[in-house]
Protein chains: 2
Amino acid sequence: MATTTRVTRQRQAVTDLLAEHDGFLSAQQLHAALRASGHSVGLATVYRNLALLVDSGELDTLVRDDGETLYRRCGRAHHHHLVCRRCGHTVEISGPTVEAWADRVAGEHGFTDVRHSLELFGLCADCGSGTVVNVGS
Amino acid sequence: MATTTRVTRQRQAVTDLLAEHDGFLSAQQLHAALRASGHSVGLATVYRNLALLVDSGELDTLVRDDGETLYRRCGRAHHHHLVCRRCGHTVEISGPTVEAWADRVAGEHGFTDVRHSLELFGLCADCGSGTVVNVGS
DNA sequence: GTCATTGCAAACGCTTTGCATCTGT
DNA sequence: ACAGATGCAAAGCGTTTGCAATGAC
């Protein structure tokens, strides 16, 4: 009765890649990476498996400004990220205070089951100082 | 030479509606609202004007989980939001600590020109307690 | 053999763009 | 009249879905 979950080659590939990778990955990036490493997986399958993993709480998601969704292996501990908006370099950071604050504020307004998304976007040391590159408008 | 900005009926309508409205609005909602109130404005025009307003710093944007972009009249002071993921009810909150914390952490990692996005998503009092509705999986 | 899973391609929803027309200034 | 602004419809992009084929159990 409980829909059994089958371990297919494709599902394994998706899970494996996510297990190795530490930062954020978009579905399309993941798909491309899989193909590059020889696995033949359909894009739809990647999306379907990502959705399953998100549902089961194994993945965290983050929607970028342009609307693309990024996925990362869910940390046991809740982390936040400091992302360089030029080179994509990502640093994991922990904000002990944030969690408590979020809960308190949410509670004050009667909100429940609150999740928060906190991401910092900036220019990392390499991109921000020396080598100044045209970043566009 | 500086590209002159013309005050058209449509642009005025968009700006006006945003001026009256306090919360977040998607481009499509805004478009629908304009039509409902008798103004005839093209969807593309709404998007174009929103883009201009965002560029000129008069609007803040927030990308929802489903990828739709929400716009709000830009607050002078930087606010964060507590958004009900069922009914969309939004509460403005200020996180005095967050700003300082963000700057410090970013600095420690050599990041500069850092912006942060912090949003809380939960269920508001109305949606979370009494009237329990099927929310899906 | 069954039924979850896959692949492909078509469908979707939001957003952007090309181009002819319109309209502030 | 000039140049920005508009409207429409088509194109773009990430994502989802229908359906027949495939493969795990």
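Excluded from the calculations below are hydrogen atoms, water molecules and symmetry mates; all remaining heavy atoms, backbone and side chain alike, are included. Naming convention: chains lettered A, B, ... in sequence-line order (proteins, then strands); numbering from 1 in each chain. Computed from a predicted structure; not experimentally measured.
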Taking all non-hydrogen atoms of both residues into account, name the closest pair between [X] and [Y] and its distance.
X     : Y     : result
B:H39 : B:A13 : CD2-CB, 3.7 Å
B:R35 : B:V41 : NH2-O, 3.1 Å
A:L17 : A:L30 : CD1-O, 4.2 Å
B:L43 : B:A27 : CD1-O, 4.4 Å

For the pair made of [atom1] in [X] and [atom2] in [N], what is the distance, rounded to whole Å?
X     : N      : atom1 : atom2 : answer
A:H31 : C:dT6  : NE2   : C1'   : 12 Å
A:R6  : D:dA21 : CZ    : P     : 18 Å
B:L70 : C:dG13 : CG    : P     : 18 Å
B:R64 : D:dT15 : CZ    : P     : 16 Å
B:R11 : D:dA3  : CZ    : P     : 17 Å
B:Q12 : D:dT6  : CD    : P     : 11 Å
B:Q28 : C:dG13 : CD    : C1'   : 7 Å
A:L30 : D:dT15 : CG    : P     : 11 Å

Regarding [X] and [Y], do their side chains bring together a donor and an acceptor under 3.5 Å, going by distance alone?
X     : Y     : result
B:S56 : B:E58 : yes
A:Q10 : A:T45 : no
A:Y71 : A:Q29 : no

- Message: Once you apply a heavy-atom cut-off of 4.0 Å, does A:S26 come out as touching a base, just sugar-phosphate, or nothing?
- Response: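 Contact class for A:S26: none.
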| task | Mind running a 4.0 Å heavy-atom check of residues 38-49 of chain A against DNA chain C and sending the residues that fall below it, in number order? | result |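 Those residues are A:S40, A:V41, A:G42, A:A44, A:T45, A:R48, A:N49.
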If you define the side chain from C-beta out and look only at heavy atoms, does anything of B:T5 sit under 4.5 Å from B:R11?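 Yes; the side chains approach each other to less than 4.5 Å.
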Quiz prompt | Between the first and last five pairs of the helix from C:dG1-D:dC25 to C:dT25-D:dA1, the angle of the axes, rounded to 10 degrees | solution =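 Axis angle across the helix from C:dG1-D:dC25 to C:dT25-D:dA1, nearest 10°: 30°.
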Between [X] and [N], is there a side-chain N or O to OP1/OP2 distance below 4.0 Å?
X     : N      : value
B:T8  : C:dT23 : no
A:Q10 : C:dG7  : yes
B:T69 : C:dC14 : no

(message) Judged by each residue's nearest nucleotide on DNA chain C, which is more toward the 5′ side, B:R9 or B:E68?
(response)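 Result of the comparison: B:E68.
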- request: Nearest-nucleotide wise, let me know which of B:V7 and B:A27 is further upstream toward the 5' end of DNA chain C.
  value: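 On the 5' side of the pair lies B:A27.
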Could you check whether any side-chain N or O of B:R72 sits under 3.5 Å from a backbone N or O of B:L59, counting only pairs where one atom can act as donor and the other as acceptor?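 Here the side-chain-to-backbone pair does not exist.
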